2 protein chains.
Amino acid sequence: MLPCNTCLIRSRAICGALNGDELAALNAIGRTRVLKAGEPLMWEGAESLVVANVVEGVLKVTKSLDDGREQIVGILCPADFIGRPFSAVSHQSVVALSDARICVFARGAFETFSGSHPQLQTKILERTFSELDLARDWMLLLSRKSASERVATFILEMSHRLVDHGCAGGKGPIDDLRLPFGRRQIADILGMTIETVSRQLTTLKARGLIALP
Amino acid sequence: MLPCNTCLIRSRAICGALNGDELAALNAIGRTRVLKAGEPLMWEGAESLVVANVVEGVLKVTKSLDDGREQIVGILCPADFIGRPFSAVSHQSVVALSDARICVFARGAFETFSGSHPQLQTKILERTFSELDLARDWMLLLSRKSASERVATFILEMSHRLVDHGCAGGKGPIDDLRLPFGRRQIADILGMTIETVSRQLTTLKARGLIALP
DNA sequence: CGTACACTTGAGACCATTCAAACTTGGTGG
DNA sequence: CCACCAAGTTTGAATGGTCTCAAGTGTACG
(Lines give C-alpha, C1' and ligand atoms only; values in the text may rest on other atoms or scores of the structure.)
Protein backbone atom coordinates (compact mmCIF):
# COMPACT_ATOMS: atom_id res chain seq x y z
CA MET A 1 0.00 0.00 0.00
CA LEU A 2 1.10 3.48 -0.81
CA PRO A 3 2.47 5.31 2.24
CA CYS A 4 0.83 8.43 0.80
CA ASN A 5 -2.59 7.03 1.63
CA THR A 6 -2.00 7.56 5.31
CA CYS A 7 0.01 10.75 4.92
CA LEU A 8 -1.44 13.46 7.14
CA ILE A 9 -0.13 16.38 5.12
CA ARG A 10 -0.96 15.09 1.65
CA SER A 11 -3.88 17.41 1.09
CA ARG A 12 -1.90 20.51 2.01
CA ALA A 13 1.35 19.52 0.27
CA ILE A 14 1.98 19.68 -3.46
CA CYS A 15 0.99 15.99 -3.65
CA GLY A 16 -2.59 17.11 -3.13
CA ALA A 17 -2.72 17.91 -6.84
CA LEU A 18 -2.21 14.30 -7.86
CA ASN A 19 -4.63 11.38 -8.19
CA GLY A 20 -3.95 7.80 -7.10
CA ASP A 21 -2.03 6.67 -10.17
CA GLU A 22 0.07 9.80 -10.37
CA LEU A 23 0.81 9.55 -6.68
CA ALA A 24 2.06 6.02 -7.17
CA ALA A 25 4.32 7.18 -9.98
CA LEU A 26 5.74 10.01 -7.90
CA ASN A 27 6.18 7.70 -4.98
CA ALA A 28 8.21 5.36 -7.15
CA ILE A 29 10.94 7.96 -7.63
CA GLY A 30 11.02 9.13 -4.00
CA ARG A 31 11.80 7.78 -0.59
CA THR A 32 11.25 8.70 3.02
CA ARG A 33 14.07 10.04 5.11
CA VAL A 34 14.35 10.79 8.80
CA LEU A 35 16.48 13.67 10.11
CA LYS A 36 17.64 14.26 13.66
CA ALA A 37 17.53 17.73 15.14
CA GLY A 38 20.59 19.60 13.90
CA GLU A 39 21.17 17.31 10.96
CA PRO A 40 21.85 19.08 7.63
CA LEU A 41 20.09 18.20 4.38
CA MET A 42 21.75 20.51 1.86
CA TRP A 43 24.66 22.92 1.82
CA GLU A 44 24.86 26.42 0.40
CA GLY A 45 27.03 26.32 -2.71
CA ALA A 46 26.86 22.54 -3.06
CA GLU A 47 25.28 20.73 -5.98
CA SER A 48 21.49 20.74 -5.87
CA LEU A 49 20.76 17.02 -5.89
CA VAL A 50 17.38 16.64 -4.26
CA VAL A 51 14.05 18.25 -3.60
CA ALA A 52 11.70 17.12 -0.86
CA ASN A 53 8.47 17.53 1.06
CA VAL A 54 8.36 18.08 4.80
CA VAL A 55 6.16 15.47 6.45
CA GLU A 56 6.93 16.17 10.09
CA GLY A 57 9.16 18.55 12.02
CA VAL A 58 10.67 21.97 11.37
CA LEU A 59 13.72 22.86 9.28
CA LYS A 60 15.61 26.08 8.69
CA VAL A 61 16.91 27.57 5.43
CA THR A 62 20.03 29.68 5.88
CA LYS A 63 22.49 31.84 3.99
CA SER A 64 25.92 32.83 5.26
CA LEU A 65 28.71 35.28 4.58
CA ASP A 66 32.31 34.09 4.29
CA ASP A 67 33.16 35.31 7.76
CA GLY A 68 30.43 33.32 9.45
CA ARG A 69 27.64 35.86 9.72
CA GLU A 70 24.44 33.91 9.16
CA GLN A 71 20.80 34.63 8.41
CA ILE A 72 17.84 32.26 8.49
CA VAL A 73 15.92 33.06 5.29
CA GLY A 74 13.12 30.54 5.70
CA ILE A 75 11.40 28.16 8.07
CA LEU A 76 9.99 24.93 6.68
CA CYS A 77 6.96 23.29 8.31
CA PRO A 78 5.04 20.10 7.46
CA ALA A 79 3.62 20.23 3.91
CA ASP A 80 6.28 22.74 2.81
CA PHE A 81 8.41 22.07 -0.24
CA ILE A 82 12.21 21.92 0.04
CA GLY A 83 14.71 22.63 -2.69
CA ARG A 84 15.37 24.54 -5.86
CA PRO A 85 14.33 22.92 -9.15
CA PHE A 86 15.96 24.28 -12.33
CA SER A 87 19.19 25.18 -10.56
CA ALA A 88 22.40 23.15 -10.58
CA VAL A 89 23.59 24.50 -7.23
CA SER A 90 21.80 25.20 -4.00
CA HIS A 91 22.07 28.82 -2.88
CA GLN A 92 21.20 28.04 0.70
CA SER A 93 21.66 25.44 3.42
CA VAL A 94 18.80 23.43 4.90
CA VAL A 95 19.13 22.01 8.41
CA ALA A 96 16.60 20.25 10.65
CA LEU A 97 15.70 22.22 13.78
CA SER A 98 13.68 19.43 15.35
CA ASP A 99 13.58 15.75 14.52
CA ALA A 100 11.96 15.59 11.11
CA ARG A 101 10.64 13.28 8.44
CA ILE A 102 10.71 14.19 4.76
CA CYS A 103 9.99 12.71 1.30
CA VAL A 104 13.06 13.14 -0.91
CA PHE A 105 13.28 12.99 -4.70
CA ALA A 106 16.27 13.21 -7.00
CA ARG A 107 16.05 16.68 -8.51
CA GLY A 108 16.38 15.54 -12.12
CA ALA A 109 13.74 12.84 -11.84
CA PHE A 110 11.40 15.23 -10.05
CA GLU A 111 11.82 17.90 -12.72
CA THR A 112 10.97 15.40 -15.42
CA PHE A 113 7.93 14.23 -13.49
CA SER A 114 6.64 17.70 -12.74
CA GLY A 115 7.24 18.74 -16.33
CA SER A 116 4.59 16.23 -17.40
CA HIS A 117 2.16 17.05 -14.58
CA PRO A 118 1.01 20.66 -14.92
CA GLN A 119 -1.23 20.52 -11.83
CA LEU A 120 1.84 19.73 -9.78
CA GLN A 121 3.72 22.65 -11.33
CA THR A 122 0.85 24.92 -10.46
CA LYS A 123 0.94 23.85 -6.84
CA ILE A 124 4.68 24.44 -6.67
CA LEU A 125 4.21 27.83 -8.28
CA GLU A 126 1.60 28.83 -5.70
CA ARG A 127 3.87 27.72 -2.90
CA THR A 128 6.84 29.58 -4.34
CA PHE A 129 4.82 32.77 -4.62
CA SER A 130 3.83 32.39 -0.97
CA GLU A 131 7.47 31.92 0.01
CA LEU A 132 8.37 35.02 -1.94
CA ASP A 133 5.70 37.01 -0.11
CA LEU A 134 7.03 35.73 3.21
CA ALA A 135 10.62 36.57 2.27
CA ARG A 136 9.61 40.10 1.30
CA ASP A 137 7.66 40.61 4.53
CA TRP A 138 10.80 39.58 6.32
CA MET A 139 12.92 42.02 4.33
CA LEU A 140 10.76 44.82 5.66
CA LEU A 141 11.22 43.53 9.20
CA LEU A 142 14.98 43.16 8.82
CA SER A 143 15.52 46.58 7.34
CA ARG A 144 13.06 48.79 9.16
CA LYS A 145 11.75 47.34 12.39
CA SER A 146 13.25 47.93 15.85
CA ALA A 147 14.37 45.13 18.13
CA SER A 148 11.15 45.10 20.10
CA GLU A 149 9.00 45.17 16.97
CA ARG A 150 10.98 42.25 15.57
CA VAL A 151 10.48 40.08 18.61
CA ALA A 152 6.78 40.92 18.77
CA THR A 153 6.34 40.14 15.06
CA PHE A 154 8.25 36.92 15.52
CA ILE A 155 6.02 35.66 18.32
CA LEU A 156 2.84 36.51 16.43
CA GLU A 157 4.05 35.07 13.14
CA MET A 158 5.25 31.84 14.69
CA SER A 159 2.07 31.29 16.63
CA HIS A 160 0.26 31.38 13.30
CA ARG A 161 2.62 29.20 11.31
CA LEU A 162 3.48 26.55 13.85
CA VAL A 163 0.26 26.13 15.76
CA ASP A 164 -1.69 25.81 12.52
CA HIS A 165 0.65 23.06 11.43
CA GLY A 166 0.71 21.38 14.78
CA CYS A 167 4.44 21.49 15.28
CA ALA A 168 4.59 23.70 18.35
CA GLY A 169 3.56 21.73 21.41
CA GLY A 170 1.03 23.52 23.56
CA LYS A 171 -2.72 23.74 23.57
CA GLY A 172 -3.75 27.28 22.66
CA PRO A 173 -1.97 29.75 20.38
CA ILE A 174 -1.69 32.23 23.20
CA ASP A 175 -1.67 30.17 26.36
CA ASP A 176 1.35 27.98 25.73
CA LEU A 177 3.56 28.15 22.69
CA ARG A 178 6.49 25.77 22.59
CA LEU A 179 8.84 26.62 19.76
CA PRO A 180 11.65 24.48 18.40
CA PHE A 181 14.01 27.46 18.48
CA GLY A 182 16.78 28.41 20.85
CA ARG A 183 17.93 32.00 21.33
CA ARG A 184 20.59 31.49 18.66
CA GLN A 185 17.96 30.57 16.03
CA ILE A 186 15.64 33.41 16.99
CA ALA A 187 18.55 35.80 16.66
CA ASP A 188 19.40 34.36 13.23
CA ILE A 189 15.80 34.72 12.11
CA LEU A 190 15.45 38.30 13.32
CA GLY A 191 18.89 39.54 12.31
CA MET A 192 19.95 40.42 15.84
CA THR A 193 22.26 39.04 18.54
CA ILE A 194 21.19 36.53 21.18
CA GLU A 195 21.75 39.14 23.88
CA THR A 196 19.33 41.57 22.28
CA VAL A 197 16.72 38.84 21.83
CA SER A 198 17.07 37.92 25.48
CA ARG A 199 16.75 41.52 26.61
CA GLN A 200 13.62 42.07 24.52
CA LEU A 201 11.98 38.91 25.85
CA THR A 202 12.80 40.02 29.38
CA THR A 203 11.23 43.39 28.69
CA LEU A 204 8.05 41.78 27.34
CA LYS A 205 7.91 39.59 30.43
CA ALA A 206 8.39 42.59 32.71
CA ARG A 207 5.54 44.35 30.97
CA GLY A 208 3.37 41.30 31.62
CA LEU A 209 2.74 40.64 27.93
CA ILE A 210 4.30 37.18 27.88
CA ALA A 211 5.44 34.55 30.37
CA LEU A 212 8.63 32.53 30.06
CA PRO A 213 9.37 29.03 31.40
CA MET B 1 1.10 41.95 -37.46
CA LEU B 2 1.74 40.83 -33.92
CA PRO B 3 3.67 43.44 -31.92
CA CYS B 4 5.46 40.49 -30.27
CA ASN B 5 7.31 39.82 -33.52
CA THR B 6 9.42 42.90 -33.06
CA CYS B 7 9.60 42.69 -29.27
CA LEU B 8 13.22 42.90 -28.17
CA ILE B 9 12.76 41.05 -24.90
CA ARG B 10 10.52 38.26 -26.12
CA SER B 11 13.17 35.58 -25.95
CA ARG B 12 14.13 36.40 -22.37
CA ALA B 13 10.60 37.00 -21.08
CA ILE B 14 8.08 34.30 -20.29
CA CYS B 15 6.66 34.76 -23.76
CA GLY B 16 9.73 32.97 -25.05
CA ALA B 17 8.02 29.70 -24.17
CA LEU B 18 5.23 30.24 -26.68
CA ASN B 19 4.99 29.61 -30.42
CA GLY B 20 3.35 31.91 -32.94
CA ASP B 21 -0.25 30.80 -32.45
CA GLU B 22 0.01 30.77 -28.69
CA LEU B 23 1.60 34.18 -28.76
CA ALA B 24 -1.30 35.51 -30.80
CA ALA B 25 -3.75 34.08 -28.28
CA LEU B 26 -1.90 35.63 -25.35
CA ASN B 27 -1.64 38.88 -27.20
CA ALA B 28 -5.39 38.90 -27.66
CA ILE B 29 -5.99 39.15 -23.92
CA GLY B 30 -3.26 41.73 -23.26
CA ARG B 31 -2.43 45.27 -24.16
CA THR B 32 0.54 47.61 -24.06
CA ARG B 33 0.74 50.35 -21.48
CA VAL B 34 3.15 53.21 -21.02
CA LEU B 35 4.13 54.48 -17.58
CA LYS B 36 5.82 57.76 -16.73
CA ALA B 37 8.59 57.83 -14.14
CA GLY B 38 6.97 57.86 -10.72
CA GLU B 39 3.65 56.50 -11.93
CA PRO B 40 2.21 53.67 -9.85
CA LEU B 41 0.90 50.41 -11.32
CA MET B 42 -0.42 48.58 -8.26
CA TRP B 43 -0.93 49.34 -4.58
CA GLU B 44 -0.09 47.27 -1.55
CA GLY B 45 -3.31 45.93 -0.09
CA ALA B 46 -5.41 46.71 -3.17
CA GLU B 47 -7.10 44.12 -5.30
CA SER B 48 -4.72 42.23 -7.58
CA LEU B 49 -6.24 42.95 -10.97
CA VAL B 50 -3.41 42.61 -13.44
CA VAL B 51 -0.14 40.91 -14.19
CA ALA B 52 2.35 42.21 -16.73
CA ASN B 53 5.67 41.94 -18.48
CA VAL B 54 8.26 44.70 -18.45
CA VAL B 55 9.23 45.66 -21.98
CA GLU B 56 11.27 48.75 -21.30
CA GLY B 57 12.28 50.74 -18.23
CA VAL B 58 12.78 49.97 -14.55
CA LEU B 59 10.14 49.61 -11.83
CA LYS B 60 10.31 49.16 -8.07
CA VAL B 61 8.36 46.79 -5.84
CA THR B 62 7.85 48.15 -2.33
CA LYS B 63 6.34 47.28 1.03
CA SER B 64 5.53 49.80 3.75
CA LEU B 65 4.72 49.98 7.43
CA ASP B 66 1.73 51.98 8.65
CA ASP B 67 3.94 54.83 9.83
CA GLY B 68 5.56 55.34 6.45
CA ARG B 69 8.76 53.35 6.78
CA GLU B 70 9.32 51.79 3.38
CA GLN B 71 11.47 49.08 1.86
CA ILE B 72 12.08 48.31 -1.80
CA VAL B 73 11.77 44.52 -2.03
CA GLY B 74 12.41 44.13 -5.73
CA ILE B 75 13.61 45.85 -8.89
CA LEU B 76 11.96 44.97 -12.18
CA CYS B 77 13.91 45.20 -15.44
CA PRO B 78 12.91 44.49 -19.05
CA ALA B 79 11.74 40.88 -19.47
CA ASP B 80 10.78 40.61 -15.79
CA PHE B 81 7.30 39.49 -14.79
CA ILE B 82 5.08 41.74 -12.65
CA GLY B 83 2.31 40.64 -10.36
CA ARG B 84 1.01 37.89 -8.20
CA PRO B 85 -1.18 35.21 -9.84
CA PHE B 86 -3.37 33.13 -7.48
CA SER B 87 -3.79 35.94 -4.99
CA ALA B 88 -6.82 38.20 -4.70
CA VAL B 89 -4.86 41.08 -3.19
CA SER B 90 -1.46 42.53 -3.97
CA HIS B 91 0.92 42.47 -1.02
CA GLN B 92 3.17 45.12 -2.47
CA SER B 93 3.16 48.29 -4.51
CA VAL B 94 4.72 48.59 -7.95
CA VAL B 95 5.87 52.00 -9.21
CA ALA B 96 7.82 53.00 -12.31
CA LEU B 97 11.26 54.44 -11.56
CA SER B 98 11.97 55.48 -15.11
CA ASP B 99 9.60 55.89 -18.05
CA ALA B 100 8.48 52.37 -18.84
CA ARG B 101 6.51 50.25 -21.24
CA ILE B 102 4.76 47.06 -20.15
CA CYS B 103 2.38 44.37 -21.46
CA VAL B 104 -0.59 44.07 -19.09
CA PHE B 105 -3.06 41.21 -18.75
CA ALA B 106 -6.15 40.88 -16.59
CA ARG B 107 -5.10 38.50 -13.83
CA GLY B 108 -8.05 36.13 -14.24
CA ALA B 109 -7.64 35.80 -17.98
CA PHE B 110 -3.93 35.29 -17.62
CA GLU B 111 -4.38 32.56 -15.03
CA THR B 112 -6.77 30.71 -17.31
CA PHE B 113 -4.37 31.02 -20.21
CA SER B 114 -1.33 29.91 -18.28
CA GLY B 115 -3.29 27.03 -16.78
CA SER B 116 -3.59 25.57 -20.26
CA HIS B 117 0.00 26.31 -21.29
CA PRO B 118 2.38 24.34 -19.06
CA GLN B 119 5.52 25.68 -20.75
CA LEU B 120 4.44 29.15 -19.75
CA GLN B 121 3.90 28.03 -16.16
CA THR B 122 7.35 26.54 -16.13
CA LYS B 123 8.88 29.82 -17.25
CA ILE B 124 7.01 31.71 -14.57
CA LEU B 125 8.12 29.16 -12.00
CA GLU B 126 11.77 29.56 -12.98
CA ARG B 127 11.46 33.32 -12.77
CA THR B 128 9.76 33.15 -9.38
CA PHE B 129 12.50 30.92 -8.01
CA SER B 130 15.06 33.43 -9.22
CA GLU B 131 13.19 36.25 -7.53
CA LEU B 132 13.10 34.21 -4.33
CA ASP B 133 16.86 33.70 -4.50
CA LEU B 134 17.36 37.42 -5.01
CA ALA B 135 15.05 38.28 -2.13
CA ARG B 136 16.94 35.92 0.18
CA ASP B 137 20.30 37.32 -0.86
CA TRP B 138 18.93 40.71 0.02
CA MET B 139 17.71 39.48 3.41
CA LEU B 140 21.30 38.58 4.23
CA LEU B 141 22.44 42.03 3.17
CA LEU B 142 19.74 43.81 5.14
CA SER B 143 20.32 41.87 8.32
CA ARG B 144 24.06 41.38 8.44
CA LYS B 145 26.03 43.73 6.21
CA SER B 146 27.47 47.08 7.24
CA ALA B 147 26.67 50.33 5.46
CA SER B 148 29.81 50.22 3.33
CA GLU B 149 29.28 46.59 2.41
CA ARG B 150 25.71 47.38 1.39
CA VAL B 151 26.68 50.20 -0.93
CA ALA B 152 29.46 48.14 -2.47
CA THR B 153 27.13 45.18 -3.02
CA PHE B 154 24.54 47.51 -4.49
CA ILE B 155 26.90 48.96 -7.08
CA LEU B 156 28.16 45.54 -8.11
CA GLU B 157 24.71 43.98 -8.26
CA MET B 158 23.22 46.82 -10.26
CA SER B 159 26.02 46.87 -12.78
CA HIS B 160 25.19 43.24 -13.47
CA ARG B 161 21.42 43.54 -13.62
CA LEU B 162 21.04 46.81 -15.44
CA VAL B 163 23.92 46.81 -17.88
CA ASP B 164 23.00 43.30 -19.01
CA HIS B 165 19.49 44.47 -19.70
CA GLY B 166 20.53 47.69 -21.31
CA CYS B 167 18.62 49.98 -19.00
CA ALA B 168 21.52 51.85 -17.46
CA GLY B 169 22.84 54.34 -19.97
CA GLY B 170 26.61 54.30 -20.28
CA LYS B 171 29.05 52.25 -22.30
CA GLY B 172 30.99 49.91 -20.03
CA PRO B 173 29.87 48.28 -16.79
CA ILE B 174 32.69 49.96 -14.92
CA ASP B 175 33.44 53.12 -16.85
CA ASP B 176 30.08 54.80 -16.73
CA LEU B 177 27.03 53.47 -14.95
CA ARG B 178 23.93 55.60 -15.09
CA LEU B 179 21.28 54.32 -12.70
CA PRO B 180 17.62 55.33 -12.60
CA PHE B 181 17.81 55.73 -8.82
CA GLY B 182 18.02 58.78 -6.62
CA ARG B 183 19.50 58.67 -3.11
CA ARG B 184 16.04 58.07 -1.69
CA GLN B 185 15.60 54.88 -3.76
CA ILE B 186 19.07 53.60 -2.98
CA ALA B 187 18.37 54.12 0.69
CA ASP B 188 15.07 52.27 0.37
CA ILE B 189 16.78 49.38 -1.40
CA LEU B 190 19.60 49.10 1.12
CA GLY B 191 17.55 49.71 4.24
CA MET B 192 19.47 52.84 5.28
CA THR B 193 18.95 56.61 5.32
CA ILE B 194 19.81 58.90 2.42
CA GLU B 195 22.45 60.58 4.56
CA THR B 196 24.27 57.33 5.21
CA VAL B 197 24.14 56.42 1.51
CA SER B 198 25.60 59.79 0.63
CA ARG B 199 28.38 59.45 3.20
CA GLN B 200 29.32 55.98 1.96
CA LEU B 201 29.43 57.13 -1.65
CA THR B 202 31.61 60.07 -0.63
CA THR B 203 33.95 57.69 1.17
CA LEU B 204 34.22 55.46 -1.89
CA LYS B 205 34.97 58.51 -4.01
CA ALA B 206 37.62 59.69 -1.55
CA ARG B 207 39.27 56.27 -1.71
CA GLY B 208 39.33 56.59 -5.50
CA LEU B 209 37.18 53.51 -6.05
CA ILE B 210 34.38 55.32 -7.82
CA ALA B 211 33.74 58.68 -9.45
CA LEU B 212 30.55 60.67 -9.14
CA PRO B 213 29.03 63.10 -11.65
C1' DC C 1 28.77 17.40 43.40
C1' DG C 2 30.64 19.31 39.36
C1' DT C 3 30.78 20.26 34.65
C1' DA C 4 28.56 21.86 30.33
C1' DC C 5 25.50 24.52 28.03
C1' DA C 6 22.02 27.93 27.34
C1' DC C 7 20.38 31.95 28.86
C1' DT C 8 20.51 36.49 31.39
C1' DT C 9 22.46 40.74 32.84
C1' DG C 10 25.72 44.64 32.88
C1' DA C 11 28.96 48.32 31.13
C1' DG C 12 31.02 50.48 27.39
C1' DA C 13 31.93 51.27 22.48
C1' DC C 14 30.48 52.03 17.98
C1' DC C 15 27.83 52.63 13.95
C1' DA C 16 23.97 54.46 11.85
C1' DT C 17 20.28 57.68 12.67
C1' DT C 18 18.39 62.12 13.62
C1' DC C 19 18.13 66.90 13.20
C1' DA C 20 19.97 70.89 11.14
C1' DA C 21 22.40 73.65 7.96
C1' DA C 22 25.02 74.46 3.73
C1' DC C 23 25.63 73.32 -0.81
C1' DT C 24 24.48 71.79 -5.91
C1' DT C 25 21.57 71.48 -9.77
C1' DG C 26 18.09 72.49 -13.15
C1' DG C 27 14.33 75.14 -14.44
C1' DT C 28 11.70 79.76 -14.67
C1' DG C 29 10.93 84.33 -15.40
C1' DG C 30 12.51 89.04 -14.94
C1' DC D 1 22.32 86.69 -18.55
C1' DC D 2 21.41 86.52 -14.04
C1' DA D 3 18.44 86.19 -9.92
C1' DC D 4 15.56 83.17 -7.86
C1' DC D 5 13.43 79.03 -6.28
C1' DA D 6 12.56 74.04 -5.41
C1' DA D 7 14.35 69.62 -5.07
C1' DG D 8 18.05 66.80 -4.36
C1' DT D 9 22.42 66.08 -2.19
C1' DT D 10 26.27 66.71 0.96
C1' DT D 11 28.17 67.70 5.38
C1' DG D 12 28.27 68.36 10.45
C1' DA D 13 27.31 67.43 15.46
C1' DA D 14 24.79 65.02 18.75
C1' DT D 15 21.94 61.22 20.01
C1' DG D 16 20.67 56.60 20.67
C1' DG D 17 19.96 51.70 19.74
C1' DT D 18 22.25 47.61 19.11
C1' DC D 19 26.52 45.12 19.42
C1' DT D 20 30.59 43.58 21.85
C1' DC D 21 32.82 41.73 25.53
C1' DA D 22 32.53 39.96 30.03
C1' DA D 23 30.63 38.16 34.08
C1' DG D 24 26.77 36.07 36.30
C1' DT D 25 22.73 32.78 36.81
C1' DG D 26 20.21 28.82 36.10
C1' DT D 27 19.25 23.96 34.57
C1' DA D 28 20.23 19.29 32.84
C1' DC D 29 23.02 15.48 33.21
C1' DG D 30 26.91 12.71 34.30
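Throughout, a chain's letter reflects where its sequence line sits, starting with A, and its residues are numbered from 1. What you are looking at is a predicted structure, and each value in this text was computed from that prediction instead of being measured.
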Q. What is the distance from CD of A/Glu149 to C1' of D/dT18, rounded to the nearest Å?
A. 14 Å
Q.
Without decimals, in angstroms, what is the distance between B/Leu212 CG and C/dT25 P?
A. 12 Å
Q) Any donor-acceptor pair under 3.5 Å linking the side chain of A/Lys63 with the backbone of A/His91? A) yes
Q | CZ-OG1 distance between B/Arg136 and A/Thr62, expressed to the nearest 0.5 angstrom | A | 10.5 Å
Q.
Taking the nucleotide of DNA chain C with the nearest heavy atom to each, does A/Lys205 or B/Ser146 sit closer to the 5' end?
A. A/Lys205
Q: Whole angstrom is fine here: how far is it from CG in A/Asp188 over to P in C/dA6?
A: 13 Å
N/O contacts under 3.5 Å, protein versus nucleotides 20-27 of chain D?
| residue | atom | partner | partner atom | Å |
| --- | --- | --- | --- | --- |
| D/dT20 | O4 | A/Arg199 | NH2 | 3.0 |
| D/dC21 | N4 | A/Glu195 | OE2 | 3.0 |

Q.
I need the CG-P distance between B/Asp67 and C/dT17, as an integer number of Å.
A. 15 Å
Q) For the side chain of A/Arg161 and the backbone of A/Ile75, is there at least one donor-acceptor N/O pair under 3.5 Å apart? A) yes
Give each protein N/O atom lying under 3.5 Å from an N/O atom of nucleotides 7-9 of chain D, with the pair distance.
| residue | atom | partner | partner atom | Å |
| --- | --- | --- | --- | --- |
| D/dT9 | OP2 | B/Arg183 | N | 3.1 |

Q | Side-chain donor/acceptor of A/Glu56 to backbone N/O of A/Ile102, under 3.5 Å | A | no
Q: Rounded off to whole Å, could you give me the CZ-to-P distance for the B/Arg69 and D/dG17 pair?
A: 13 Å
Q | Side-chain donor/acceptor of A/Arg144 to backbone N/O of B/Arg69, under 3.5 Å | A | no
Q. Any sub-3.5 Å donor-acceptor pair from B/Arg107's side-chain atoms to B/Ser48's backbone N or O?
A. yes
Q.
In whole Å, I'd like the distance from the CG atom of A/Leu141 to the P atom of D/dT18.
A. 12 Å
Q.
Quick one: does any side-chain atom of A/Glu44 pair with a main-chain N or O of A/Ser64 as donor and acceptor, under 3.5 Å?
A. yes
Q | Atom-to-atom span, CD of B/Gln200 to C1' of C/dA16 - whole angstrom | A | 9 Å
**Q.** Candidates A/Cys4, A/Pro3, A/Cys7 - the one meeting side-chain contact (heavy atoms from CB on, under 4.5 Å) with A/Leu23
**A.** A/Cys4
Q) Roughly, in whole Å, what's the span from CZ in B/Arg144 to P in D/dT18? A) 14 Å
Q. Backbone N or O of A/Gln71 within a donor-acceptor pair of the A/Asp188 side chain at under 3.5 Å?
A. no
